[in-house]
> 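One structure, as structure tokens, below. Some questions next.
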Amino acid sequence: MIIHPQSEFPLLEEYKKVFNVTPNTIFAYDHKIYSNNELPKHLIIHEQVHHKQQDRHGLDNWVKRYLEDPKFRLDMEVEAYKIQLESIKDQRGRALQTMISAKDLSSDLYGNIVTYRQALKLIT
């Protein structure tokens, strides 16, 4: 899978208005992944879940709801994190990534939509 530079993400400025975007933020959009870093398989799987969601909901509808509706965003991320974590076969690696994922899900990366404990419960 080709990873495109974050700077090429066509909605970067729009997302920056809603989220605390950093150079490490990853975007999935229209069957492309945008990142400034190489990604391990489990993160690619997470982003591919978003591609499937975009197909299911319609790309423009998905983006609009993701940006505007915290409940929708949470539902989309929980689904993606669950599948991502299931793809990690090493138990120690999965446990570590679960903590990292819960921290991310409860951060300003997604608009502080849940607490760490809530995020942990939702993705496990």
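Throughout, numbering of the chain's residues begins at 1 and tracks the sequence. These numbers come from a predicted model, not from an experiment.
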> When rounded to the nearest 0.5 angstrom, what distance separates CG in N36 from CD in Q6?
4.5 Å

> Go through the structure and list residues passing side chain to side chain contact (heavy atoms under 4.5 Å, CB included) with N112, not counting sequence neighbours.
D108

> So, using side chain to side chain donor-acceptor pair (under 3.5 Å) as the criterion, who are the partners of K41 when residues are at least two apart?
none

> If hydrophobic residues (ILVMFWY) are linked whenever their side-chain heavy atoms come closer than 4.5 Å, directly or via other members, who joins I33 in its cluster?
M1, I3, I26, L39, L43, I44

> If hydrophobic clusters are built from ILVMFWY residues whose side chains come within less than 4.5 Å, do V78 and M99 share one?
no

> Working to the nearest 0.5 Å, report the span between OG1 of T22 and NZ of K16.
10.0 Å

> Kindly determine whether F72 and L74 satisfy side chain to side chain contact (heavy atoms under 4.5 Å, CB included), including the steps that lead there.
CA-CA 5 Å; F72 179 80; L74 180 62; over 6 Å; no

> For the residue pair Y29 and H51, establish whether any side-chain heavy-atom pair is separated by less than 4.5 Å.
no

> Going by side chain to side chain donor-acceptor pair (under 3.5 Å), name the residues that satisfy it together with N37, two or more places apart in sequence or in a different chain.
N24

> May I have the list of side-chain donor-acceptor pairs in residues 80-87 shorter than 3.5 Å, sequence neighbours left out?
| unit_1 | atom_1 | unit_2 | atom_2 | d |
| --- | --- | --- | --- | --- |
| Y81 | OH | Y110 | OH | 2.9 |
| Q84 | OE1 | H46 | ND1 | 2.8 |
| Q84 | NE2 | H42 | ND1 | 2.8 |
| S87 | OG | Q84 | O | 2.5 |

> With sequence neighbours excluded, tell me which residues meet side chain to side chain donor-acceptor pair (under 3.5 Å) with H31.
D55

> Are H4 and F27 an aromatic pair by the rule of ring centers under 6.0 Å?
no

> If you take all heavy atoms of L12 and V21, which pair is closest and at what distance?
CD1-CG1, 4.0 Å

> Side-chain contact, heavy-atom cut-off 4.5 Å: W62 with K64?
no

> Does R56 have any side chain to side chain contact (heavy atoms under 4.5 Å, CB included) partners at least two apart in sequence or in another chain, and if so, which?
Q53, E79

> Is there a side-chain contact between Y15 and Y66 (heavy atoms, below 4.5 Å)?
yes

> Under the salt bridge (charged side-chain N to carboxylate O under 4.0 Å, His left out) test, which residues partner E8, sequence neighbours left out?
none

> Heavy-atom distance under 4.5 Å between the side chains of H57 and M76, does that happen here?
yes

> Rounded to the nearest 0.5 Å, how far apart are CG of D104 and OG1 of T25?
9.5 Å

> Apply side chain to side chain contact (heavy atoms under 4.5 Å, CB included) to L67 and F19, showing your working.
CA-CA 9 Å; L67 290 172; F19 304 110; 3.6 Å; yes

> Applying side chain to side chain contact (heavy atoms under 4.5 Å, CB included), can you list everything that pairs with D75, at least two apart in sequence or on another chain?
K71

> Find the distance between CD1 (I45) and CD (E47) and round it off to the nearest 0.5 Å.
11.5 Å

> If you look only at distance, which donor and acceptor atoms sit under 3.5 Å apart when one is on a side chain in residues 116-124 and the other is two or more places apart or in another chain?
| unit_1 | atom_1 | unit_2 | atom_2 | d |
| --- | --- | --- | --- | --- |
| Q118 | OE1 | T115 | N | 2.7 |
| Q118 | OE1 | T115 | OG1 | 3.2 |
| T124 | OG1 | L120 | O | 2.7 |

> Hey, could you give me each pair passing side-chain hydrogen bond (donor to acceptor under 3.5 Å, both in side chains) that has a residue in residues 88-103? Not counting sequence neighbours.
Q97-S101

> Any sub-3.5 Å donor-acceptor pair from Q54's side-chain atoms to D30's backbone N or O?
yes

> Residues in side chain to side chain contact (heavy atoms under 4.5 Å, CB included) with D60, at least two apart?
none

